[in-house]
Each structure stands twice: as C-alpha cells, then as structure tokens.
Amino acid sequence: MNKDEIIALDSEYIAHTYGRLNLVPEKGKGSTLFDKDGKKYIDFTSGIGVNSLGIAPQSWITAVTEQLSKIQHISNYYYSEPTAKLAKTLVTESGMKYAIFQNCGAEANEAAIKVARKYSFDKYGEGRHTIITLVNSFHGRTITTLAATGQDVFHNYFFPFTEGFKYVSANDIDALKSALDGSVCAVMCEAVQGEGGVNILDSEYVSALAKICGEKDILLIFDEVQTGIGRTGKLFAHTHFDCKPDIVTLAKGLGAGLPIGCCLIGEKCADVLHPGDHGTTFGGNPAVCAGANVVLDTVLSDGFLDSVNEKGEYIKSKVLSFGLDCVKEVRGKGLMIGIQVTVSHKETVKKALEKGLMLLTAGKDVIRMLPPLNISYGEIDEGLEILRAVLSTAE
Ligand SMILES: *Cc1c(COP(=O)(O)O)cnc(C)c1O
C-alpha cells in the first residue's frame, strides 16, 4: 500500500480520536526512520518516550524473540523467569519492596491509587481516601487517572469521575499544607511534569513535601511513567531530590516499545494487597519483560546515564546558542527537554516534520524532546539543524 492508501484506510476504519500528523513511518534504526516513500526523519520523540533504545535495537529484538520462541504468554497463576528477574532489578535499584506489573502508565497509576487507599483503609478505616495531585499533572486516561490529572480540560463529558482527588499548585508548600485535612491518604506527583510542559519540581518543595508526608503517614507516590528508566539522566527521576517515595510507577521507556507498566511499592505498603485484591491478564508478560531486562542492563551499564546527561546538556546549550528571539526558556533534565517558545508550538512541530524532524508538544507553549536515550551526536546535530531552520523562520 502507498502512503495515501494507508491514510485513507486508517481514516475509514479507526475512530478519529487523534489529530494525526502527516507521517507513515515504515522502518528505521536508532533515532533515524524512514517513511513509505523513503524520506528520512530524525526522531526526537521515541514514540512519546517509549523507544528508549531507539528503533529496532538488536539486543532487545534477540531477547524478545528468544522468549517468544519459548513461550509468549503465561497467566499470572504461574511463574516466569524474565518477569521475576525484571522485578529483582527494579526493586533492588529503587530500594522498594515489591513490583506489581501492569500494561501501561494509567494502569500502573491505578494500582498505586488502590494500594494507597487500601493502606489507609486497613490502618485508619473508611474516609481517609483523598489523593492530592498537582496542577498541570498528567496521570492517564482511565476514568480514575483522568480524575487524578490536575488539568480541568480532562474533567469533561465522562461524568461521574472517581471521587477523592484534590489538586494543588506545584512548588507551593503552603497550598499543600492547607489541603492536608484528615481525609488525605497520599500525594502523587511527577518529578518533571511531562505532558504539562516539562516543569521541574523545586528541590526545597520536594524535601518539604516528603517530610510532611512522612510525619503524617501520607503516602508519597511518584508517577515516573515518563521520567523513569534513565529519561532524566538518573534511573529514577525522584532521586534528583531528597525524598523516599512509598510508591513509584513506571511504564513508557521500560519496555523499549512493548507495552508494560509497573507499580513499585515500598516497605510501608508491602503487605497491603493480598491474592484476589488486584490482578491483570497481560501484566508481566514474559516476552515484554525479557525486552525490559535488556533496557535495564543497557541503562545501568557503565557510563550510559552519564552519556544521557551529557547529550541533554549538549542539546540545551546548542538550542540556546542559536540565539533565537522566539525561544523563551530551555529546561529539562537528561533527555527530557522542553523549549518554551513565543511562536505556535503546534505549527513548529508540523513544520519540523515536513523538514524531517519528529518533535512533541507539551503544555500551552512548549516544544518537547524525548529522543531515544542512545541517540548519536550526529543525529542530534542533524535534528537540531532542522529545528534551528524552522524556528528562525517562525513568527
Ligand atoms: C503517559 C503518561 C501516563 C499514561 O500512560 P499510558 O501508558 O498512556 O496509560 C501517566 N503518567 C504520566 C506521567 C505519563 O507521561
């Protein structure tokens, strides 16, 4: 099929729930991909932070296909070696107690919310169920995780939403304190808000938040669905701060392109869920976990996270060196970078795509970059040259 035929087929048969951009990717390698017509694109998106090792990484393909040829799925009634190994690495590296596997970020957050509420129910009884989240957060698309998301635009149409969420402005410790009534069981936040605009939490805020949560036995949940697994230059983004979360959720980059979610639970809530309290058919799939083991081996290998930080700093300073008037701020950690612009972020993304660069937006006015963690400097330079050309002609 040619490009137009694929687009026509898609439009006829797939519900129109996305504003798709004009690209039909066919194949690729690393951070470079090609469309149906052989046109080349540099990928600064990783499929929204998912393809952490780029397109078609060989070691990951080998691990996944070897597992597929042995056994592709077993139910959670049985044991699985790659799944147990993955849990060991995640638990050891995070200092948490157990892993709960899911299929995506929203599900990982659902598990976190269930654990937090049951922890409080078991210990304090009914009524202590409120979860505080931050304004401009994003936690997923299920009814409950939409309710958890601190953006009014997500709270339409689908009423009734799950009760028991309250939103406070990020980096405002007084606002948090006044929201902490006796009904609160947990606070959930992103170390760096992804969808909300690449907004980094203040260190003092996180320290104060962690301290208050500890004192009041309120669980601290970090949604690391986007920031986790090396994206910000550390394996877990909360380790940029002085805090010890009780629950950490993961998804996007963990599977390198296959669907996986994970809710890591700490000592405090280790014994909250018992057989029958929670479950999933697909979560912890052995082939997906075999691939995720390769992701962790790679990200934890010598010098890998240093290179993520170096590339991130290189990108930020290079964008600043363009000296463009339309660039208001360049911020981020590791390879999670936002460029706040005074021109239309959506138009910039469209124009860059025409010229062969894939970018994301975030918030109202931010161009977001989440390139594969192993992107080469050559690919970075090629992509940034396109970005410079597009931004210098933007108005
Ligand atoms: C993407 C994202 C989610 C939702 O993940 P899905 O896999 O789409 O369900 C939740 N939280 C954060 C921070 C995200 O970036």
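When a ligand or atom number is given, it counts from 1 through the structure's own listing order. This is a predicted model, so every value here is computed, not measured.
For Thr145, no heavy-atom contact with ligand 1 is shorter than 4.0 Å. In Ala106, the parts holding a heavy atom less than 4.0 Å from any atom of ligand 1 are both the side chain and the backbone.
Summary of contacts: the protein heavy atom closest to atom 11 (N) of ligand 1 is Asp223 OD2, 2.7 Å. Among protein heavy atoms, atom 1 (C) of ligand 1 sits closest to Lys252 NZ, 1.5 Å. The shortest contact between atom 7 (O) of ligand 1 and any protein heavy atom is with Gly105 N, 2.8 Å.
Which parts of ligand 1 touch Gln226 is read off a 4.0 Å heavy-atom cut-off, strictly below it: atoms 15 (O). Counting the atoms of ligand 1 from 1 in the order shown, those under 4.0 Å from a heavy atom of Glu190 are 13 (C). Near Asn109, meaning under 4.0 Å from any of its heavy atoms, are these atoms of ligand 1: 10 (C), 11 (N).
Residues Lys166 and Asp181 are paired through a salt bridge, judged by an N-O separation under 4.0 Å between the basic side chain and the carboxylate. Under a 4.0 Å N-O distance rule, the pair Arg368/Glu195 qualifies as a salt bridge. Using a cutoff of 4.0 Å between basic side-chain nitrogens and carboxylate oxygens, Lys40 and Glu382 are scored as salt-bridged. A salt bridge does not link Asp271 with Lys97: none of the charged nitrogens is closer than 4.0 Å to a carboxylate oxygen. The pair Lys351-Glu354 does not count as a salt bridge, with every side-chain nitrogen at least 4.0 angstrom from each carboxylate oxygen. With respect to the salt-bridge test (charged N to carboxylate O, under 4.0 angstrom), the residues Glu110 and Lys114 do not qualify.
Considering both main-chain and side-chain atoms, Cys104 never comes within under 3.5 Å of ligand 1 through any nitrogen or oxygen pair.
More than 12 heavy atoms of other residues, nucleotides or ligands sit less than 6.0 Å from atom NZ of Lys39.
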